[in-house]
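Notes for the one structure printed next.
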Amino acid sequence: MTSIVRPTGIRETALALALLAAFAPAHADDESVMEASVAAGLGTASGDSADRSLFGQYNGLRRRSVYGLLDGDYYRRNDDEGTMTRLQAFDLLGETRTVSFVWKRQGRWKLGLDYSDLVRHEPYIVNTGMLGAGTTTPRVVHLPGGPGTGSDLELKTKRSRLGLSYATWLAPSLELQTKVTTENKDGSRLFGAGMGCPSFVAPGCGFTTNISAGWGVLFLPEPVESNHTQVELRLSYAADKLRLSGGYYGSFYSNSAGSLDPDVPGSLNNPLGVLLPLSPGLQPILGQRIALWPDNQAHHFDLAGVYVFTPSTRANFKLGYSRATQNQSFAGAGLSGAPAGVADLGAEVNTTLAHVRVTSRPIRKLSLSAEMRYTDRDDDTPLDEYNLIRSTTFTNRQLSRTKLRGKLQASYQFSSDYRGTLGAEYESIDRDAFTITSAVSGISALRQKTDEVSYRAELRRRMSDDFSGAISWVTSRRDGSNWQRVNSGLGVTEITDPAIDLVTGSVFMPTVADRERDKIRLVANWQVDRDLSLQFSAEDGRDRFTTLRNLGLKNTRMATYTVDWDYRITRRWNFSGYVSHGLQKLNQARQAGYVMAYDNSSMDIGLGLTGNPTGDLEVGGSLSFIYDTSRDAQTLEASGNANSAALLAASGGLPDIVFRRMQLSLFGSYELSDESSVRVDLVHQRARLNDWAFGYDGVPFVHGDNTTVSQQPRQSVTFFGIRYIHRFE
């Protein structure tokens, strides 16, 4: 069962009028087929914006209680001329409107035009005294009346996308495709800044005392005012044995909001909520400009093709080259403090790609394939001294990388029912030498090269009478070159003896650590009888990490189990549903700190019923449940101190994050005549969210100026919509 929920607004009236004009009755030629429909109605949603913060996050049902509904569809085909025209429009009166137009002549040309809006409402409600929220110059104002005494601020972003495409056949074997899309994004979203003193990056600011605050966390909404334009050109050629496709892709991003320049007062709350003057040096740190997403562009060229050597052997290949740059002026973005004589970053990254795949069937029952993929990313960004740490300057870091991946696979058809597959894969990544003049903070060591070997086995049984399925197993092992301790500004030192070369408590990045991965997957389809079919799937995977010290991420597990069914009760009634259970576990440890066992468990249940009680009436409904719980089971590492042990004993550790949602959707459609019908939709949703990130036990998180960010933990919404549908022929 699908329920259609379309919101309102009164904009884009011209589009609506044009659509309705297109649907006006017309006398079609004998060789033409014309079909069109218009659906118009009203919808209403219960509660206020807080009740609908989850329900209306993306569908436009957040702000108001009454909505206009208007959709349309126009289709016309002329078989003699080989032409087709289609115009579709959804949610013309709402925040998520979509209009698409296609006009083509078979084998000659095709023209496409589409427009869409998407509004995302931030589910959190902000209560603040800030002036100029959502601009590049917000002014932080301390709320003297305490938390909750300011004005509520609802953040949202809107994407407006326009696309134009055209394809033409220059010859029977030569096609040219062009496509241009441009998207404007406006609004504001959650963002902030903070500092706790003292810090090695800002040694000038002082501790929190009984007369000054050496701490500050500020809500600073990020202004969004950007455009992303994409251009695609592709020329394709097809012959008997050779098919070629060459193309260009261009990406152009511009952001009108280059930086965020907050005005921060001289006094903020200390961690206990007491208003105090900021410690020396803290105010200029909190009030410094923050760089936002810079303008950038990328150009990509590629040539891809397929060559058929014999009816049983073919090769696919692709060559590509791209150049990405970022050279927005620092001054134009409102930023200062760059090295002398440096006007912009001048970033340049060039990437080369080569890929080839050969498949062959030497005998009827045996299929072979071999694949090789090479990518080389060359970071040519100029080096300059941008970073000042403890009176020492360091340059930016160049991040080049070379990646090589090879794959072999063989499949054998043992019988008409069973097919087996064996495969091996090798992947090597070289992250290039560390930029000697740069600095690294927050990690204990780097690794330049990693190598990973994977093996895969699968046995598949195809459908015979009533059952088909497959079981597969994948195992991989990753290791690499020696670890390297970073000596900021002086290069790196290879680690040969961890006891000598590493400090106690060193932690390593799991993305480059030695890892053992094993995964098994089972899928099955069972046609129990003519009316009942079942689908099963189960997947379980485990990772085990090994580093020079037994700290950091140690092991993980991910598993999913799903059952789907479809049951035809009678000729007029159908019942379907699914049950899905997922697990995610991560175990990690920190020297003299906490041992964290992160455990996420989710259960999804869905039931659906559709039927036709009479020839003119169609009804249906669905009921779905989501249960999602995240737990952090905490213990203390053996070298943890007494204060940490006391805090853990007093608090019990981090609380659970719980999300629950129940949704009931009902619909009914009645045919009034051959040309018209009425549809009714009813959706009732209840949700519960307990997320301690922005509050706990009903108490919201409080920023240094008494700004709060909260979300209604229990929400209940009912939507009712009715629409009249008229069809033209």
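Just so you know, these numbers use all the heavy atoms, side chains as well, and skip hydrogens, waters and symmetry mates.
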Using distance alone, with no hydrogens and no angle criterion, decide if [X] and [Y] have a side-chain donor and acceptor under 3.5 Å apart.
X	Y	result
Glu494	Asn482	yes
Asp91	Thr96	yes
Asn269	Asn706	yes
Thr450	Arg431	yes
Tyr248	Glu232	no
Asn227	Thr182	yes
Asp376	Thr402	yes
Thr707	Thr128	yes
Asp117	Ser160	yes
Asn396	Asn387	no
Asn327	Asp344	no
Glu222	Ser188	no

Say whether, by atom type as modelled, one donor and one acceptor occur between the side chain of [X] and the main chain of [Y] under 3.5 angstrom.
X	Y	result
Thr435	Gln398	yes
Gln448	Ser481	no
Arg377	Thr351	no
Gln715	Gln712	yes
Arg52	Arg62	yes
Asn296	Pro294	yes
Gln328	Phe330	no

Salt bridge or not between [X] and [Y]? Use side-chain N to carboxylate O under 4.0 Å.
X	Y	value
Asp114	Arg161	yes
Asp599	Arg631	no
Arg189	Glu122	no

Pick from Asn127, Asp705, Val702, Thr708: which one makes a side-chain contact (heavy atoms from CB on, under 4.5 Å) with Leu143?
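Of all the options given, the one that passes is Asn127.
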Give the minimum heavy-atom separation between [X] and [Y], together with the two atoms involved.
X	Y	answer
Ile495	Ala445	CD1-CB, 4.0 Å
Asn255	Glu225	OD1-O, 3.2 Å
Leu335	Ser259	CD2-CB, 3.6 Å
Leu286	Val264	O-CG2, 3.7 Å
Trp215	Leu282	N-CD2, 3.5 Å
Leu278	Ser212	C-CB, 4.4 Å

Ring centers of Phe55, His121 separated by less than 6.0 Å
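No.
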Taking the ring centre of each residue, are Phe301 and His299 less than 6.0 Å apart?
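Ring centroids of Phe301 and His299 are no less than 6.0 Å from each other.
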Tell me, with the steps shown, if Tyr253 and Thr229 meet side-chain contact (heavy atoms from CB on, under 4.5 Å).
CA-CA 7 Å; Tyr253 176 82; Thr229 298; over 6 Å; no
Apply side-chain contact (heavy atoms from CB on, under 4.5 Å) to the pair His228 and Gln230, showing each step before the final yes or no.
CA-CA 7 Å; His228 186 202; Gln230 301 172 77; 3.7 Å; yes
Just so I know, are the side chains of Arg120 and Gln57 near enough to count as touching, which here means a heavy-atom distance under 4.5 Å?
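Yes - at least one pair of side-chain heavy atoms lies under 4.5 Å apart.
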Take Glu154 and Lys156 through the test side-chain contact (heavy atoms from CB on, under 4.5 Å) and record every step on the way to the result.
CA-CA 7 Å; Glu154 292 187 12; Lys156 68 175 182 179; over 6 Å; no
